[in-house]
Asker: 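Sharing a structure here in structure tokens format.
Because the structure is predicted, anything quoted here is derived from the model rather than measured. Order of listing sets the numbers, starting from 1, for every ligand and every atom in it.
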Amino acid sequence: MESKFGVIVVGLGPAGLAVCNKLSEKGIKVLGLDRKQEIGTPKRCAEGLGNSWFKRLGLTPNPEWAVQKIEGASLFAPSMESISLKSKGPQGYVLERKMFEKHLAIEAASKGAVLKMKSDVIRAERKNNSVTLAVNEMGEEKTYSAPLVVAADGIDSRIARFLGLETSNKLIDVDSGYQYEMTNIDGYPAENINLFFGNNVAPRGYVWIFPKRKNTANVGIGIGGAEKKTAKEYLDKFIASHPGLAKGSVVEVNAGIIPVGGFLENMVKDNLVVVGDAAHQVDPVHGGGIGIAMEAGYIAANVIAEAVKKGDYSEKFLSQYNKKWYLERGDSLKKRLRVRLLLEKLSDEDFEYLVKSVTVEDVLKISSADMDKKTKLVLFGKKLVQRPGLAKLMLKYLK
Ligand SMILES: Cc1cc2nc3c(=O)[nH]c(=O)nc-3n(C[C@H](O)[C@H](O)[C@H](O)COP(=O)(O)OP(=O)(O)OC[C@H]3O[C@@H](n4cnc5c(N)ncnc54)[C@H](O)[C@@H]3O)c2cc1C
């Protein structure tokens with residue numbers, strides 16, 4: 001039994017690595033465990049990260065892991081009618097996530113964190129204000145204990161449940177994702193992401209093409225978790241009908257589940273904090289979770305550092321993390337959950353109408369922080385007079 005650690009982090013994805021980094025920076029002895037053989041692999045991700053996250057998380061894009069600058073996005077309705085948004089500077093980057101996570105891991109280890117791969121946590125037990133974890137470490141069972149455990153174990157989250165906090169998702173609250181990293185494809189410029197909507201294309205979701213470099217891209221799909229046909233079936237059909245993709249080769253296959261249905265209200269218990277996908281901290285509109293998971297990791301780490309200082313690992317003390325996260329991010333994501341509910345209700349005709357009638361200037365105005373809510377509603381209202389059903393839906397979900 002090893003108990004020299006102040007905090008044990010289970011799961012070394014973006015959430016867990018952010019916690020390891022911040023806690024080690026503050027001089028706290030951290031052990032990070034992951035069941036994978038190699039950090040960041042296999043990726044379950046399209047690897048897109050918006051520009052604002054770099055600033056917020058204190059990251060400088062490094063060509064080793066921020067492999068493709070993105071300057072625009074094209075949104076396609078079912079008829080393939082599209083709207084394109086371009087910007088002067090970068091909108092974001094497509095990452096090589098394996099390299100990104102290794103970079104985060106190297107940084108955490110250099111600050112003192114101890115990281116172990118092929119370490120699957122199979123049980124957790126709370127006793128006398130401490131948690132003991134049973135770990136299958138490269139085929140050998142070991143135990144580790146600490147007064148606080150961080151469950152950053154992603155969508156399959158079991159650690160919190162072992163310690164009495166339910167984290168599972170209902171089928172209706174998840175999207176099912178499937179993706180090919182493809183090369184030798186044509187027709188999709190490297191600086192632009194492409195999103196394809198429609199109930200026959202991707203029910204309750206969309207198809208994405210996120211370029212990683214010239215002629216290579218993550219081509220994937222997210223659909224509602226309760227759909228009868230699989231995400232793979234929809235994606236294969238889409239690729240077959242796009243000659244620029246159909247001629248390509250697949251160099252990697254990825255699949256994963258995305259928790260888009262809302263967030264855990266309570267993310268703590270005595271001696272336990274939950275972060276990232278395990279706490280369902282994902283943008284419900286597009287399913288992005290890298291930045292949100294890392295930000296939550298930083299917020300959690302600040303509260304944990306205080307808990308360590310005071311020696312108070314109670315649910316009551318740790319619940320400051322709930323408050324701080326909801327204030328910083330959760331409440332605004334709740335609004336985005338309503339946008340998601342609206343998008344789920346749109347028919348293919350609604351998508352067509354929106355793509356044809358809303359201009360790039362409208363989108364820029366509507367997304368601008370300078371325009372007040374009322375003016376935005378009036379602008380939308382004018383656009384939607386010919387489609388009162390759609391206007392009603394918008395009012396219901398966006399007011
Ligand atoms: C198809 C798809 C596409 C996506 N595309 C994007 C995108 O383009 N941009 C974006 O921002 N987000 C995207 N996401 C979401 C993003 O990948 C997640 O939100 C993000 O990875 C969450 O980070 P995390 O650290 O919480 O969880 P994860 O990255 O899942 O990390 C959890 C870690 O815990 C480990 N683990 C689990 N159980 C145990 C255990 N018992 N013992 C030890 N280790 C354990 C796992 O091995 C894993 O390494 C996508 C998701 C999917 C499925």
Side-chain angles (χ1 to χ4, degrees), residues 8-20 31-50 53 57 70 92-95 97-98 100-101 104-105 115-124 133-137 144 149-162 167 174-181 193 195 205-210 212 217-223 225 231-232 235 252-260 267 274-297 300:
I8 303 178
V9 177
V10 183
L12 298 176
L17 288 166
V19 176
C20 288
L31 171 66
L33 303 168
D34 201 293
R35 64 183 175 195
K36 284 178 179 169
Q37 179 156 326
E38 185 179 10
I39 225 150
T41 316
K43 67 174 192 243
R44 287 165 164 176
C45 190
E47 305 178 288
L49 187 62
W53 285 113
L57 300 169
I70 299 300
Y93 288 82
V94 177
L95 311 179
R97 204 168 139 169
K98 171 172 141 177
F100 176 58
E101 288 182 31
L104 297 177
L115 308 178
K116 289 175 186 268
M117 301 306 288
K118 277 201 105 167
S119 297
D120 188 5
V121 178
I122 48 179
R123 287 187 307 279
L133 301 177
V135 183
N136 179 346
E137 194 174 309
Y144 295 95
V149 164
V150 177
D153 50 341
I155 186 80
D156 311 322
S157 169
R158 283 191 304 166
I159 303 309
R161 265 184 279 155
F162 287 150
T167 51
V174 298
D175 274 0
S176 168
Y178 200 83
Q179 176 178 271
Y180 300 117
E181 185 170 329
I193 61 169
L195 306 174
Y206 59 93
V207 166
W208 62 79
I209 301 177
F210 281 14
K212 284 187 80 169
N218 288 323
V219 182
I221 189 169
I223 63 167
K232 179 180 184 300
L235 182 61
E252 192 175 323
V253 181
N254 314 114
I257 301 294
I258 313 163
V260 287
M267 305 178 284
V274 190
V275 286
D277 273 14
H280 316 173
Q281 290 167 323
V282 161
D283 186 309
V285 173
H286 53 62
I290 301 171
I292 294 172
M294 289 185 67
E295 180 188 56

Asker: I want to confirm something. Looking only at heavy atoms, which of Arg123, Lys43, Gln37, Arg44 is nearest to atom 52 (C) of ligand 1?
Answerer: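 Of the listed residues, Arg44 has the closest heavy atom.
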Asker: Which pair of non-hydrogen atoms, one from Val274 and one from Ala160, has the smallest distance, and what is that distance?
Answerer: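 Nearest pair, atom of Val274 first, then Ala160: CG2-CB, 3.8 Å.
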Asker: Can you confirm, on distance only, whether ligand 1 has an N/O atom lying under 3.5 Å from any N/O atom belonging to Phe210?
Answerer: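 N/O-N/O distance below 3.5 Å does not exist for this pair.
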Asker: For residues Tyr93 and Leu49, determine if any side-chain heavy atom of one lies less than 4.5 Å from a side-chain heavy atom of the other.
Answerer: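 With C-beta onward as the side chain, the pair stays apart.
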Asker: Is there a polar contact, in the sense of an N or O pair closer than 3.5 Å, between Asp120 and ligand 1?
Answerer: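 Yes.
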Asker: Quick one: does Asp34 get a heavy atom under 4.0 Å from ligand 1?
Answerer: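 Contact check Asp34 vs ligand 1: positive.
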Asker: Is Asp277 paired with Arg44 through a side-chain N to carboxylate O contact shorter than 4.0 Å?
Answerer: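 Salt bridge flag = no for Asp277 with Arg44.
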Asker: Of Met294, Arg35, Gln179, which has the heavy atom at the shortest distance from atom 43 (C) of ligand 1?
Answerer: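 Result: the heavy atom closest to atom 43 (C) of ligand 1 is in Arg35.
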Asker: Which atoms from ligand 1 have a heavy atom of Gly276 less than 4.0 Å away?
Answerer: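 Result: 26 (O).
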Asker: Polar contacts were defined as any N/O atom of the residue lying under 3.5 Å from an N/O atom of the ligand; does this apply to Tyr178 and ligand 1?
Answerer: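 By distance alone, the answer is no.
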Asker: Tell me, which protein residue and heavy-atom name are nearest atom 42 (N) of ligand 1, and how many Å apart are they?
Answerer: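 Among all protein heavy atoms, the one nearest atom 42 (N) of ligand 1 is Val121 N, 3.0 Å.
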Asker: For Ile290, is at least one N or O under 3.5 Å away from an N or O on ligand 1?
Answerer: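 N/O-N/O distance under 3.5 Å: yes.
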Asker: Report the distance from atom NZ of Lys36 to atom CG of Leu12, rounding to the nearest 0.5 Å.
Answerer: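 Lys36 NZ to Leu12 CG: 9.0 Å, rounded to 0.5 Å.
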Asker: How far is atom 19 (O) of ligand 1 from the closest protein heavy atom, and which atom is that?
Answerer: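 Scanning the protein heavy atoms, the shortest distance from atom 19 (O) of ligand 1 goes to Asp277 OD1, 2.7 Å.
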Asker: Just to be sure I'm reading this right: ignoring hydrogens, which of His280, Arg97, Glu38 gets closest to atom 20 (C) of ligand 1? Compare them by their nearest heavy atoms.
Answerer: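 Nearest heavy atom to atom 20 (C) of ligand 1 lies in Arg97.
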Asker: For atom 31 (O) of ligand 1, which protein heavy atom lies nearest, and how many Å away is it?
Answerer: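 I find the closest protein heavy atom is Gly13 CA, 3.5 Å.
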Asker: Which protein non-hydrogen atom lies closest to atom 5 (N) of ligand 1, naming both residue and atom, and how far is it?
Answerer: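 Its nearest protein heavy-atom neighbour is Ala46 N, 2.8 Å.
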Asker: Closest by any non-hydrogen atom to atom 10 (C) of ligand 1: pick that one out of Gly287, Gly291, Gly289.
Answerer: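 Comparing heavy atoms across Gly287, Gly291, Gly289, the nearest one to atom 10 (C) of ligand 1 lies in Gly289.
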Asker: Treating Tyr178 as the side-chain partner and Ile223 as the backbone partner, does any N or O pair qualify as donor plus acceptor under 3.5 Å?
Answerer: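 Pair absent, no side-chain N/O of Tyr178 close to backbone of Ile223.
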Asker: With heavy atoms only and a cut-off of under 4.0 Å, state how Leu17 meets ligand 1: side chain, backbone, both or neither.
Answerer: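 Near ligand 1, Leu17 shows nothing, with every heavy atom at 4.0 Å or more.
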Asker: Which atoms of ligand 1 have any heavy atom of Gly256 under 4.0 Å away?
Answerer: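 So the answer, numbered in order with elements, is 53 (C).
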Asker: At what distance is the nearest protein heavy atom to atom 8 (O) of ligand 1, and which residue and atom is it?
Answerer: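 Heavy-atom neighbour on the protein nearest atom 8 (O) of ligand 1: Gly48 N, 3.0 Å.
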Asker: Rounded to the nearest 0.5 Å, what separates atom CG in Leu104 from atom CE in Met294?
Answerer: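 These two atoms lie 4.5 Å from each other.
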Asker: Using a strict 4.0 Å cut-off to heavy atoms of Arg158, name the atoms of ligand 1 that fall inside it.
Answerer: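 Close to Arg158: 41 (N).
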Asker: Would you mind checking which non-hydrogen protein atom is closest to atom 37 (C) of ligand 1, with the distance to 0.1 Å?
Answerer: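 Sorting protein heavy atoms by distance from atom 37 (C) of ligand 1 puts Asp153 O, 3.2 Å first.
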Asker: Which pairs pass salt bridge (charged side-chain N to carboxylate O under 4.0 Å, His left out) with one or both residues in residues 282-296, sequence neighbours excluded?
Answerer: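 Every salt bridge (charged side-chain N to carboxylate O under 4.0 Å, His left out) pair that includes a residue of residues 282-296, provided the two are not neighbours, is Asp283-Arg336, Glu295-Arg329.
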Asker: State whether the shortest distance between N or O atoms of Ala15 and N or O atoms of ligand 1 falls below 3.5 angstrom.
Answerer: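 N/O-N/O distance below 3.5 Å exists for this pair.
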Asker: Can you name the one residue among Glu38, Glu252, Glu101 that meets salt bridge (charged side-chain N to carboxylate O under 4.0 Å, His left out) with Lys43?
Answerer: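 Of Glu38, Glu252, Glu101, salt bridge (charged side-chain N to carboxylate O under 4.0 Å, His left out) with Lys43 is met by Glu252 alone.
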Asker: Atom 34 (O) of ligand 1: which protein heavy atom is closest, and how many Å away?
Answerer: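 Ranking protein heavy atoms by distance from atom 34 (O) of ligand 1, first comes Gly11 CA, 3.2 Å.
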Asker: Measuring from Lys118:NZ to Asp34:CG, what's the distance to the nearest 0.5 Å?
Answerer: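 Output value for this atom pair is 12.5 Å.
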Asker: Any atom of ligand 1 sitting under 4.0 Å from a heavy atom of Ile258?
Answerer: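 In this structure, Ile258 qualifies as a contact of ligand 1 - some heavy atom is under 4.0 Å.
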Asker: In Å and rounded to the nearest 0.5 Å, what is the CG to CD1 distance from Leu17 to Ile39?
Answerer: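 That separation rounds to 5.0 Å.
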Asker: Distance check, rounded to the nearest 0.5 Å: Gln179 atom CD versus Trp208 atom CH2?
Answerer: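 Spacing of CD (Gln179) from CH2 (Trp208) equals 5.5 Å.
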Asker: Using distance alone, determine whether Gly177 and ligand 1 share an N or O pair under 3.5 Å.
Answerer: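 It does not: no N or O of Gly177 is found under 3.5 Å from an N or O of ligand 1.
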Asker: Using heavy-atom distances, let me know which of Gly220, Ala152, Ala255 sits nearest atom 32 (C) of ligand 1.
Answerer: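 Looking at heavy atoms only, the winner is Ala152.
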Asker: Could you tell me which atoms of ligand 1, counted from 1 in the order shown, lie closer than 4.0 angstrom to a heavy atom of Gly154?
Answerer: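 Those of ligand 1 that fall under 4.0 Å from Gly154 are 27 (O), 30 (O), 32 (C).
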Asker: So for Ser119, does at least one of its heavy atoms come nearer than 4.0 angstrom to any atom of ligand 1?
Answerer: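 True for this residue.
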Asker: Tell me, which protein residue and heavy-atom name are nearest atom 6 (C) of ligand 1, and how many Å apart are they?
Answerer: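 Result: Cys45 SG, 3.3 Å.
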Asker: Would you call Leu31 and Tyr144 a side-chain contact if the rule is heavy atoms closer than 4.5 Å?
Answerer: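 Contact flag for Leu31/Tyr144 side chains = yes.
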Asker: Could you state the interatomic distance from CG (Asn136) to OG (Ser119), rounded to the nearest 0.5 Å?
Answerer: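 Here the rounded value is 8.5 Å.
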Asker: Can you confirm whether Leu133 sits close enough to Leu33 that some side-chain heavy atom of one is under 4.5 Å from a side-chain heavy atom of the other?
Answerer: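 Result yes, sub-4.5 Å side-chain heavy-atom pair found.
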Asker: Can a salt bridge be assigned to the pair Asp153 and Arg161 using a cut-off of 4.0 Å between side-chain N and carboxylate O?
Answerer: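 No.
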Asker: The criterion is ring pair (Phe, Tyr, Trp, His ring centres under 6.0 Å); which residues satisfy it with Phe162, sequence neighbours excluded?
Answerer: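 With sequence neighbours excluded, Phe162 shows a ring pair (Phe, Tyr, Trp, His ring centres under 6.0 Å) to no residue whatsoever.
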